Amino acid sequence: MANRRTDVVNSFVTHLQAISSVEPRNVYKSYRWIDELNDYPAITFVPRREARLHRGAGRKLAALIIELRGYTYGEGSTEAAELLAHEIEQRVQTFAETYRQHQVESAVITTVRTDEGLMNPYGVCDLSINITYDVEITT
């Protein structure tokens, strides 16, 4: 049986795969660099640290930090990267309500930035996401 963190991360992949401008096979739960990709747009992310929050009465929450990078390619890559960041933000806003079965309490974006044309003809957006969920306590 998978643990809750794994369930949350796998569900996050599934949730991002619903972005219409991104092929589902182009969503990776590990970092990919520009030279490792052939199809764009692409989304790569890595779950980072997880902080535990004790709320009393035996309730324990996990705050999972996800570092996500989106890549675009072609003419208008800067605008495409901004649009991709916006689409990701929309998906993150609906993640908590969609995956209540995993006790997801909230999903918020804490930072967003783009390369602002620096990587032209590529476009890059970086987002930091915080997903908070209940941790199962076994005694």
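Computation of the quantities below employed the complete heavy-atom set of this structure, encompassing side-chain atoms and omitting hydrogens, waters and symmetry-equivalent molecules. These figures come from a predicted structure and were not determined experimentally.
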Please identify each residue that fulfils salt bridge (Lys or Arg N to Asp or Glu O under 4.0 Å) with E36, with sequence neighbours left out.
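E36 satisfies salt bridge (Lys or Arg N to Asp or Glu O under 4.0 Å) with no residue once adjacent residues are dropped.
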
When rounded to the nearest 0.5 angstrom, what is the spacing between [atom1] in [X] and [atom2] in [Y]?
X    : Y    : atom1 : atom2 : answer
T44  : Y28  : OG1   : OH    : 9.0 Å
I131 : L61  : CD1   : CG    : 13.5 Å
E97  : S106 : CD    : OG    : 12.5 Å
E116 : E82  : CD    : CD    : 7.5 Å
R69  : D126 : CZ    : CG    : 4.0 Å
L16  : I129 : CG    : CD1   : 7.0 Å

Could you tell me if the side chain of [Y] sits less than 4.5 Å from the side chain of [X], heavy atoms only?
X    : Y   : value
V108 : Q93 : no
E87  : R91 : no
V9   : L64 : yes

Taking side chain to side chain contact (heavy atoms under 4.5 Å, CB included) as the definition, give me every residue that meets it alongside T98, ordered by chain and number, with sequence neighbours left out.
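Checked T98 against side chain to side chain contact (heavy atoms under 4.5 Å, CB included); matches are H15, T94.
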
Which residues share a side chain to side chain contact (heavy atoms under 4.5 Å, CB included) with T72, sequence neighbours left out:
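Here the qualifying residues are P41, S77, A80, A81, L84.
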
With under 30° as parallel and over 60° as perpendicular, where do the rings of Y99 and F95 fit, or are they tilted in between?
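Tilted: the ring planes of Y99 and F95 meet at 30° to 60°.
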
Residue R49 excluded, over 12 heavy atoms near CZ under 6.0 Å
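Open.
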
Exactly one of H102, R59, Q103 should register a side-chain hydrogen bond (donor to acceptor under 3.5 Å, both in side chains) with D134. Which one does?
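Going through H102, R59, Q103 one by one, the side-chain hydrogen bond (donor to acceptor under 3.5 Å, both in side chains) with D134 is satisfied by R59 alone.
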
Can you hop from [X] to [Y] via hydrophobic side chains spaced under 4.5 Å?
X    : Y    : result
V13  : I66  : yes
I34  : L37  : yes
L68  : I65  : no
L83  : I109 : no
V112 : I43  : yes

Please report the shortest heavy-atom distance between [X] and [Y], naming the atom on each side.
X    : Y    : value
N120 : G74  : OD1-O, 4.4 Å
A62  : V135 : CB-CG2, 3.4 Å
T78  : G117 : OG1-CA, 3.2 Å

Kindly state each residue pair satisfying ring pair (Phe, Tyr, Trp, His ring centres under 6.0 Å) with at least one member in residues 42-69, sequence neighbours excluded.
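Pairs touching residues 42-69 that pass the test: F12-F45.
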
Residue pairs, two or more places apart or on separate chains, that pass ring pair (Phe, Tyr, Trp, His ring centres under 6.0 Å) and touch residues 56-81
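As it turns out, the ring pair (Phe, Tyr, Trp, His ring centres under 6.0 Å) pairs with a partner in residues 56-81, which skip direct neighbours, are Y40-Y73, Y73-Y122.
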
Would the distance check show the side chain of D115 and the main-chain N or O of V124 forming a donor-acceptor pair, the cut-off being under 3.5 Å?
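Yes; at least one donor-acceptor contact below 3.5 Å.
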
Checking the side chain of S128 only, and the main-chain atoms of E67 only, is there a donor and an acceptor separated by less than 3.5 Å?
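Pair absent, no side-chain N/O of S128 close to backbone of E67.
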
Give me each pair satisfying salt bridge (charged side-chain N to carboxylate O under 4.0 Å, His left out) with a member in residues 14-33, each pair once, sequence neighbours excluded.
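Of all non-adjacent pairs touching residues 14-33, those that pass salt bridge (charged side-chain N to carboxylate O under 4.0 Å, His left out) are E23-R25, R25-D39.
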
Donor on one side chain, acceptor on other, H86 and Q90, under 3.5 Å
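Indeed, the side chains of H86 and Q90 share at least one donor-acceptor pair under 3.5 Å.
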
Begin with the C-alpha distance, continue with both residues' side-chain angles, and end with the deciding distance and a verdict on salt bridge (charged side-chain N to carboxylate O under 4.0 Å, His left out) for E50 and R52.
CA-CA 7 Å; E50 183 178 272; R52 295 294 170 99; 2.8 Å; yes

